[in-house]
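Structure first, then comments.
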There are 2 protein chains.
Amino acid sequence: MGATKTDHFTDQQNNIAIIAKALGHPARIAIMEYLSKVDACICGDIVNELPLAQPTVSQHLKELKNAGLIKGNIEGNAICYCIDEKTLEQIKNYFTTISIKLEKKNKNCC
Amino acid sequence: MGATKTDHFTDQQNNIAIIAKALGHPARIAIMEYLSKVDACICGDIVNELPLAQPTVSQHLKELKNAGLIKGNIEGNAICYCIDEKTLEQIKNYFTTISIKLEKKNKNCC
DNA sequence: ATTTAATATTGCAATATTACGATAAAGATT
DNA sequence: AATCTTTATCGTAATATTGCAATATTAAAT
């Protein structure tokens with residue numbers, strides 16, 4: 001074993017899990033924070049910003065990209081990475097929905 | 001290697017990553033959804049709800065608990081698990097903050 | 001005190017992730 | 001064209017996660 005049983009869950013559950021998983025590493029959180037505040041989002045700058053080797057950062061960027069959290073634009077021989085707002089909205093709204101559901105229900109235990 | 005270099009990131013970055021990581025599995029998303037809508041949150045019900053063996057569910061519950069996303073109350077010889085709203089707020093607000101930062105900045109590339 | 005029911009822990013095999021050096025690829029510069 | 005710069009990929013070692021059978025634990029019920 002060791003492989004996640006994705007086929008037993010809904011598409012939405014899998015999708016949200018994929019996005020959350022991509023955010024489940026401090027380096028990738030640091031990348032998201034960096035991209036949320038910086039103006040020019042050049043890959044090399046991200047590498048310099050992080051305390052990790054270039055191939056490692058490249059791998060983290062790839063994972064964020066696969067989850068749909070960022071997108072990359074070729075800019076000369078550099079690459080400009082930016083947050084994909086749609087996916088960020090999606091995860092944000094998901095937690096808001098869970099939160100609202102929680103507010104509405106009877107809290108008779110914990 | 002293989003171990004995450006947590007010491008190179010801020011406490012907040014590590015904390016958010018821990019929460020996101022805990023949510024990075026469809027079974028744990030399914031548990032959170034279940035707990036957000038059900039009234040009596042008994043562990044056995046969660047086990048029945050999920051397509052996984054009891055020890056596996058128990059492990060997922062433990063991970064959600066370690067991340068602070070749920071808390072467990074002993075209720076007779078059963079255990080009642082509930083969402084910890086503080087942590088849910090925390091992750092929700094975090095994404096809202098990132099989102100707001102993104103709105104404010106100049107978007108001159110992607 | 002035994003038995004039953006509910007949950008946790010242990011042990012282990014399969015798989016996935018993390019990190020990085022070495023190297024490749026692709027565009028810019030000279 | 002040769003070189004430099006920037007980013008991606010490959011290969012691989014170390015570690016972590018996933019899943020479950022077997023077993024332990026704890027409290028209720030008989």
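Not measured: the values here are computed from a predicted model. A, B, ... follow the sequence lines: proteins, then strands. Residue 1 opens every chain.
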Comparing B/C43 with B/T4, nearest DNA chain C nucleotide closer to 5' gives the residue B/C43
Quick one: B/I42 CD1 to D/dA27 C1', roughly how many Å, whole number? 14 Å
Write down the distance between CG (B/N73) and C1' (C/dA8), rounded to a whole number of angstrom. 17 Å
So which nucleotide from C/dT7, C/dT18, D/dT18 ends up closest to the side chain of B/Q54? C/dT7
Checking C/dT18, D/dT18, C/dT7 against the side chain of B/H25 (C-beta onward), the nearest is D/dT18
Starting the side chain at C-beta, find the nucleotide from C/dA22, C/dA19, D/dA21 nearest to A/P55. C/dA22
Side chain of B/K21 only, please: which of D/dA16, D/dA8, C/dA19 is the nearest? D/dA16
Mind running side-chain contact (heavy atoms from CB on, under 4.5 Å) on B/L88 and B/D84 for me, showing each step along the way? CA-CA 7 Å; B/L88 187 62; B/D84 189 327; over 6 Å; no
Salt bridge or not between B/K92 and B/E89? Use side-chain N to carboxylate O under 4.0 Å. yes
Which nucleotide, D/dA8, C/dG21, D/dA22, lies nearest any side-chain atom of A/I79? D/dA8
Atom-pair distance (CD1 on A/I46; P on D/dA8), nearest Å: 9 Å
Go through C/dA19, D/dT18, D/dA8 for me and flag the one nearest to the B/Q59 side chain. D/dT18
Atom pair distance, as rounded to whole Å: CG in B/L64 and P in D/dT18: 11 Å
Quick one: is C/dC20 close enough that its OP1 or OP2 comes under 4.0 Å of any side-chain N or O from A/T56? yes
How many Å lie between CD on A/E63 and P on D/dA8, as a whole number? 13 Å
With DNA chain D as reference, determine whether A/K5 or A/D45 sits nearer its 5' end, using the nearest nucleotide of each. A/D45
Nearest to side-chain heavy atoms of A/Y81, which nucleotide of D/dA8, C/dC20, C/dT18: D/dA8
For residues 51-64 of chain A, which residue pairs pass the side chain to side chain donor-acceptor pair (under 3.5 Å) check, not counting sequence neighbours? A/R28-A/H60, A/R28-A/E63
Touch class at under 4.0 angstrom, heavy-atom based, for B/L52 against every strand present: sugar-phosphate
Can you identify which nucleotide, out of D/dT9, C/dA19, C/dT18, has its nearest atom closest to the A/R28 side chain? C/dT18
Within the 4.5 Å heavy-atom criterion, are A/Q90 and B/F95 side-chain neighbours or not? no
Expected output: side-chain B/N48 to main-chain B/G44 donor-acceptor under 3.5 Å: yes
May I ask you to test the A/F9-B/P51 pair for a side-chain heavy-atom distance under 4.5 Å? yes
Detail all sub-3.5 Å separations between protein N/O atoms and N/O atoms belonging to nucleotides 28-30 of chain C.
none

Whole Å only: how far is the NE2 atom of B/H8 from the P atom of C/dT18? 16 Å
Taking CD1 from B/I29 and P from D/dT18, how many angstroms apart are they, rounded to a whole number? 12 Å
Rounded to whole Å, how long is the line connecting atom CD1 of A/I18 with atom P of C/dT17? 11 Å
Measure the shortest side-chain to side-chain distance between A/K105 and B/S36 over non-hydrogen atoms and say whether it is less than 4.5 angstrom. no
OP1 or OP2 of C/dT7 sitting under 4.0 Å from any side-chain N/O of B/S58? no
Contacts of B/E49 that satisfy salt bridge (charged side-chain N to carboxylate O under 4.0 Å, His left out) - sequence neighbours left out: none
